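What you see is a predicted model, and the numbers here were worked out from it, not measured in a lab. Just so you know, ligand 1 is whichever comes first in the structure, and atom 1 is the first atom listed for that ligand. The analysis underlying the following values was restricted to heavy atoms, covering all of them including side chains, and did not include hydrogens, waters or symmetry mates.
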Amino acid sequence: MKNVETALIHQGNHYNTTKAVATPIFQTSTYLADTDLSAYIEAATATKHPEFYHRHGNPTNSQVAELIAKLENTEDALVLATGMAAISTAILAIVKAGDHIIAQHAHYSGSTLFLKEFLRDYGVEITHVNQTDNNAFEAAIQPNTKLIYVETPSNPNLDITDLTFVGSLGKKHGITTMADNTFASPINQRPSEYGIDIVVHSATKYLGGHSDLTAGVVCGSKEYIERVWRRSLVLGASLSPFDSWLLLRGLKTLALRVRQINENALALAQWLEQSTFIKKISYTGLPTHPQYALARKQMQGFTGMLCIEINGENEAEEFLRAQTILSKLKLFINAASLGGVESLIVHPASMWGSHHSSSQKETSGITRGMLRISVGIEHIDDLIADFQQAFAQL
Ligand SMILES: *Cc1c(COP(=O)(O)O)cnc(C)c1O
């Protein structure tokens, strides 16, 4: 099975042992076991057994994991209840007290909290670097560095990390590398192809794609995924049978959705760039993006994520105008999250107000006039018309 579109429909179907064409929901916590006790012991100790007890595995979870591993070009994968469950369990399978992690200034807010507060309390050291500066990653390496953790494009500024550089840096120093590929999706970018060891996702976003589930996935070598699975057995964030089934169903149209989203976002970005109401626009698909050449090198599409800054006489006015636009837009829904079929918009400075200190906001580049957009699959003319009518009310 060579092509992604075909894999999305057929990969992992052997886990459906029924005659149903559509994979059933295995809504069960436990499974009838063999009365031969040596067979029972084997099932109880087997890695990711799909039919023993739900925390160990579930047929749909196995099917989805096999499909996503195929998409990310890794040996194996494990699905978990949320993106944060995937990220935290994946990192805890690598570091212990006394170890050091190199991470970026800009990460998803939950990941930043996990690194900065949770892991510090458990004796893990973190150095945060500017992701656009390759030398900064190299300079941060210590004898106890066990992990380089990156996210590209990053949230919300759409800065890019050079995956080839980080992948080879990790190999050179024997340090594990991990990338959060949520914003790109495997249709647009596959970090493993640039030497990154582990890929994590919030499957809540593009992979699920319909804003109706939460899920996460960790992709990597068979041996590493087994270690993550052992951690997940005790941490316990298993993906529920129903959410797993929704994820599988959503994935079938991933390639179609992401292609349409890429196309819509580029057209919207080009239109917004011309607008006199915009002070700055960040979109990886625009030649004005400072890392456009790198984006073209490592991404096959530029995603639906874009970030704009609204014009104004001063910061206070920019904030007010951003607020007005947010309230006047009719199609763009003011909601957290991203990657669904519907277009969403958020005001990052408000969303992360409670998580980030003002200095953190500054290093992650968040301003008060900023709006982050997740473009959906509506008709592009309607999306542009919506911004047009909102701008007309400023
Ligand atoms: C949403 C998100 C997460 C967290 O995922 P949840 O499913 O909400 O736990 C992690 N990383 C990125 C980039 C995200 O956008």
Side-chain angles (χ1 to χ4, degrees), residues 61 64-65 68 72 77-92 103-116 118-119 131 149-161 163 178-189 191 196 198-219 228 232 235-240 242-244 246-247 250-251 258 261 265 282 284 299 302-307 335-340 342-346 348 351-352 354-356 364-366 372-376:
N61 291 23
V64 174
I68 298 174
E72 285 294 359
L78 182 73
V79 289
L80 290 163
T82 63
M84 279 317 301
I87 292 165
S88 56
T89 312
I91 293 176
L92 288 172
Q104 303 173 174
H105 285 303
H107 279 292
Y108 176 72
S109 58
S111 311
T112 300
L113 280 178
F114 180 68
L115 295 165
K116 269 199 152 83
F118 184 99
L119 282 182
Q131 73 190 94
Y149 181 65
V150 302
E151 185 179 324
T152 181
S154 70
N155 198 14
N157 275 309
L158 303 154
D159 286 332
I160 296 185
T161 309
L163 291 172
M178 186 185 297
D180 182 334
N181 202 31
T182 303
F183 267 40
S185 91
I187 302 298
N188 289 330
Q189 171 177 280
I196 300 293
I198 299 155
V199 179
V200 289
H201 275 277
S202 167
T204 309
K205 317 293 170 55
Y206 286 107
L207 297 180
H210 295 74
S211 306
D212 54 6
L213 64 91
T214 65
V217 62
V218 189
C219 309
V228 179
S232 80
L235 295 172
S238 319
L239 179 60
S240 79
F242 185 51
D243 280 352
S244 179
L246 281 173
L247 176 55
L251 276 165
V258 170
I261 283 169
S282 304
T284 46
M299 299 173 80
F302 300 112
T303 89
M305 300 308 296
L306 56 101
C307 199
S337 199
L338 58 109
E342 59 288 285
S343 294
L344 301 182
I345 189 162
V346 285
M351 186 154 80
W352 297 305
S354 56
H355 292 320
H356 290 285
S364 54
I366 298 170
R372 188 195 76 182
I373 302 164
S374 168
V375 181

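- The protein heavy atom nearest to atom 11 (N) of ligand 1 is Asp180 OD2, 2.7 Å.
- Between the side chain of Thr204 and the backbone N or O of Ala215, at least one donor-acceptor pair lies under 3.5 Å.
- Considering only non-hydrogen protein atoms, atom 6 (P) of ligand 1 sits nearest to Gly83 N, 3.3 Å.
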Notebook entry, point to check: Is there a side chain to side chain donor-acceptor pair (under 3.5 Å) between Gln131 and Ser154 once you walk through the steps?
Noted result: CA-CA 9 Å; Gln131 73 190 94; Ser154 70; 2.9 Å; yes
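- Any N or O atom pair closer than 3.5 Å counts here, and Thr204 shares at least one such pair with ligand 1.
- Nearest non-hydrogen protein atom to atom 8 (O) of ligand 1 is Tyr108 OH, 3.8 Å.
- Closest heavy-atom approach to atom 1 (C) of ligand 1 within the set Glu151, Lys205, Met305, His201: this belongs to Lys205.
- Close contacts between ligand 1 and Leu338 involve ligand atoms 15 (O) [criterion: under 4.0 Å to a heavy atom].
- Checked against a 3.5 angstrom limit, the closest N/O atoms of Asn155 and ligand 1 fall outside it.
- In terms of protein heavy atoms, atom 9 (O) of ligand 1 is closest to Met84 N, 2.8 Å.
- At least one donor-acceptor pair closer than 3.5 Å links the side chain of Thr152 to the backbone N or O of Thr161.
- Looking at Ser282 and Asn157, their side chains never bring a donor and an acceptor atom within 3.5 Å of each other.
- Listed for the Gln189 side chain is no donor-acceptor partner under 3.5 Å among the backbone atoms of Asn181.
- The ring of Tyr149 has its center closer than 6.0 angstrom to the ring center of His107.
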